[in-house]
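What follows is one structure encoded as structure tokens, with my remarks underneath.
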Amino acid sequence: MINLKLHSDIDASALAVQTSSAENLVPEIRSDAMAGWFTLPEDYDKKEFERIKTCTKKIQSDSDYLVCIGIGGSYLGHRAVIDALSSQIKSRTKILYSGNNISTIEFQKIFDEIGDKDFSVNVISKSGTTTEPAVAFRIFKEKLFEKYGENEAFSRIYATTDAETGALHDESLYNHYERFVVPDPVGGRYSVLTAVGLLPLAVAGVDIDELMAGAREEEAAVVTEPISSTIADSIFKYASIRHILRSRNYDTEVLASFEPCMEYFEKWWQQLFGESEGKEDKGIFPATAVYTTDLHSLGQYMQQGRPNIFETIITFENNPTPKNTNRVNGEIVVPKMDKDLDGLGYLEDKELGFINDKAEAATMTAHSEHIPVIELELPDLSERSLGSLIYFFELACAISAKLQQVNPFDQPGVEAYKNEMFRLLKKPGYSKSA
């Protein structure tokens, strides 16, 4: 369960009215043709789910690396969870990411890391024609052919794509790749709980059953429990607070955490809200920060800069600690010294988690004197909690966009740069500026 705490002067009665409006949008969102994610935690493809587990065993048995090729929602969601749980999960197979840029330097880094080791490829693209992942897939196919020959190369390619059409779908059938489906009613940024995210997650060692269970708890709170339940109420309050703050000219939201492993979860959130809300000259600009690091670069601005920003800070009721360490409770403590030359005597024998918690509390107190702060408290850092947070943000995002009267499920502006790039690259049919 995600506990929302508000550090702001928003009137409780005004928030209650806005929350009621947010709740009333649920039937409209659920009925949308692109809201297949809404009941996904309960109505997922059980047979494909088991096939993902079967393929996971094969990949973990024959590959040191799985290169996941995708961009945007085709990689941010699973990278978010894998990075967040990196201190807890174990797998023989390491996940590498490609197809999210066209940088020679980044490609060479992956080639150098793989070296002579065994690898497989999971290409994730609904169409198969998006430039960055399509180029990356062609390059890594060549690497597979060179190392394994055509037949074995094909057995090391796992395609996650459209169920019936598209270039990658057709190629997968022709070459007999193991194929998984991007469901039609689920857009890329909402797709982490489909095969798009679940195959890489399982290969990385994430317990995907627990991840889905966490999302299912959030879904149940909205679908089957009273709409005013504590779990559902936090979702509606978050969306409502954002809408109220936007009406007060707070046009930038900074999502932050005091755990650096949450950096890519924040990037996933950034894409989710940026593509869903940023249209028709509307939307709240989604920015991210990693504290305490960024307190030494952004802290001054947050404390005394232009007050058009509000913060949402992800916290944990139980302090995250690495598992399987030799330390008591997995924690690290500040050691004692004979002489207090660095002035840290007052911190001796204190756990880093304790110090981090105090920095977190101090930041929220200090920042809330200047800007509104929303705290989203998770029970712990686990698959179940992250599954809950994924669904929490997906529904809150859809509601937020609807409150601003924009479509949460399209992204027409993304096409502008593509059209101009195709023109510059002289792709057939793109000889003139759009």
Side-chain angles (χ1 to χ4, degrees), residues 1-4 37-38 40-42 44 49 52-53 56 68 73-91 95 97 186 188-222 231-232 234-235 238 255-273 286 288 290-291 312-323 330 353 360 374-398:
M1 183 176 75
I2 297 166
N3 186 21
L4 185 148
W37 54 270
F38 192 96
L40 190 62
E42 182 65 37
Y44 62 95
F49 195 80
I52 285 170
K53 292 181 178 180
T56 292
C68 291
S74 294
Y75 96 103
L76 280 172
H78 55 84
R79 184 165 188 176
V81 177
I82 290 168
D83 280 16
L85 298 174
S86 58
S87 68
Q88 305 177 39
I89 55 179
K90 286 188 175 183
S91 174
I95 307 298
Y97 305 94
V186 180
R189 57 189 178 273
Y190 292 85
S191 67
V192 61
L193 298 178
T194 70
V196 169
L198 294 176
L199 178 60
L201 287 167
V203 172
V206 173
D207 187 335
I208 57 176
D209 289 293
E210 277 291 291
L211 188 77
M212 295 297 282
R216 197 153 48 243
E217 288 174 0
E218 294 289 325
E219 179 197 341
V222 177
I231 296 177
S234 291
I235 297 175
Y238 176 61
L255 182 69
S257 171
F258 281 72
E259 292 297 336
C261 66
M262 293 292 288
E263 179 180 4
Y264 263 87
F265 204 101
E266 294 175 16
K267 290 181 182 294
W268 169 79
W269 168 90
Q270 188 173 47
Q271 189 219 4
L272 178 67
F273 279 82
T288 66
V290 176
Y291 294 153
T312 298
I313 300 179
I314 299 171
T315 67
F316 301 92
E317 182 180 0
N318 297 311
N319 185 60
T321 56
K323 294 182 178 178
E360 185 180 274
I374 304 166
E375 180 183 357
L376 298 178
E377 184 184 59
L378 278 65
D380 54 20
L381 181 52
S382 65
E383 286 95 338
R384 187 174 288 253
S385 289
L386 292 179
S388 294
L389 191 59
I390 287 168
Y391 193 88
F392 177 100
F393 277 138
E394 287 179 345
L395 181 54
C397 179

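This chain uses plain numbering: 1 for the first residue, then up along the sequence.
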Minimum heavy-atom distance between [X] and [Y], given as atom pair plus value:
{"X": "A84", "Y": "M262", "value": "CB-SD, 3.9 Å"}
{"X": "V192", "Y": "G77", "value": "CG2-C, 3.5 Å"}
{"X": "P200", "Y": "G197", "value": "CD-O, 3.2 Å"}
{"X": "A232", "Y": "A221", "value": "CB-O, 3.6 Å"}
{"X": "Y238", "Y": "A396", "value": "CD2-CB, 3.6 Å"}
{"X": "D209", "Y": "K53", "value": "OD2-NZ, 2.8 Å"}

If we ignore hydrogens and angles and just use 3.5 Å, is the side chain of [X] paired with the main-chain N or O of [Y] as donor and acceptor?
{"X": "T56", "Y": "A202", "result": "no"}
{"X": "S191", "Y": "T194", "result": "no"}
{"X": "T288", "Y": "L255", "result": "no"}
{"X": "S385", "Y": "D380", "result": "yes"}
{"X": "E42", "Y": "E219", "result": "no"}
{"X": "E266", "Y": "S257", "result": "yes"}
{"X": "D83", "Y": "C261", "result": "no"}
{"X": "Y291", "Y": "P260", "result": "no"}

Geometric class of the [Y]/[X] ring pair [parallel <30°, tilted 30-60°, perpendicular >60°]:
{"X": "Y97", "Y": "H78", "value": "parallel"}
{"X": "Y190", "Y": "W37", "value": "parallel"}
{"X": "Y44", "Y": "F49", "value": "tilted"}

*Derivation of the side chain to side chain contact (heavy atoms under 4.5 Å, CB included) call for L376 and F393*: CA-CA 11 Å; L376 298 178; F393 277 138; 3.7 Å; yes

*Taking the six-membered ring for Trp, is the centroid-to-centroid distance between F258 and F316 below 6.0 Å?*
no

*asked:* If you apply the rule side chain to side chain contact (heavy atoms under 4.5 Å, CB included), what do you find for Q88 with L381, and how did you get there?
replied: CA-CA 10 Å; Q88 305 177 39; L381 181 52; 3.9 Å; yes

*Do I89 and E383 pass the side chain to side chain contact (heavy atoms under 4.5 Å, CB included) test, and can you show the C-alpha distance, the side-chain angles, and the key distance before you say yes or no?*
CA-CA 10 Å; I89 55 179; E383 286 95 338; 4.2 Å; yes

Atom pair [atom1]/[atom2] of [X] and [Y] - distance to nearest 0.5 Å:
{"X": "M1", "Y": "E317", "atom1": "CE", "atom2": "CD", "answer": "8.5 Å"}
{"X": "Y391", "Y": "L193", "atom1": "OH", "atom2": "CG", "answer": "10.0 Å"}
{"X": "S234", "Y": "I374", "atom1": "OG", "atom2": "CD1", "answer": "11.5 Å"}
{"X": "R384", "Y": "R216", "atom1": "CZ", "atom2": "CZ", "answer": "8.0 Å"}
{"X": "W269", "Y": "E394", "atom1": "CH2", "atom2": "CD", "answer": "14.5 Å"}
{"X": "E377", "Y": "N318", "atom1": "CD", "atom2": "CG", "answer": "8.5 Å"}

*Please step through side chain to side chain contact (heavy atoms under 4.5 Å, CB included) for the pair V81 and I390, ending with a clear verdict.*
CA-CA 9 Å; V81 177; I390 287 168; 3.9 Å; yes

Just wondering, do [Y] and [X] contact through their side chains at under 4.5 Å, heavy atoms?
{"X": "T315", "Y": "E360", "value": "yes"}
{"X": "I314", "Y": "L389", "value": "yes"}
{"X": "L211", "Y": "L198", "value": "yes"}

*Mind checking side-chain contact (heavy atoms from CB on, under 4.5 Å) for A195 and listing every partner two or more places apart, or none if nothing turns up?*
E48, I52, T160, F180

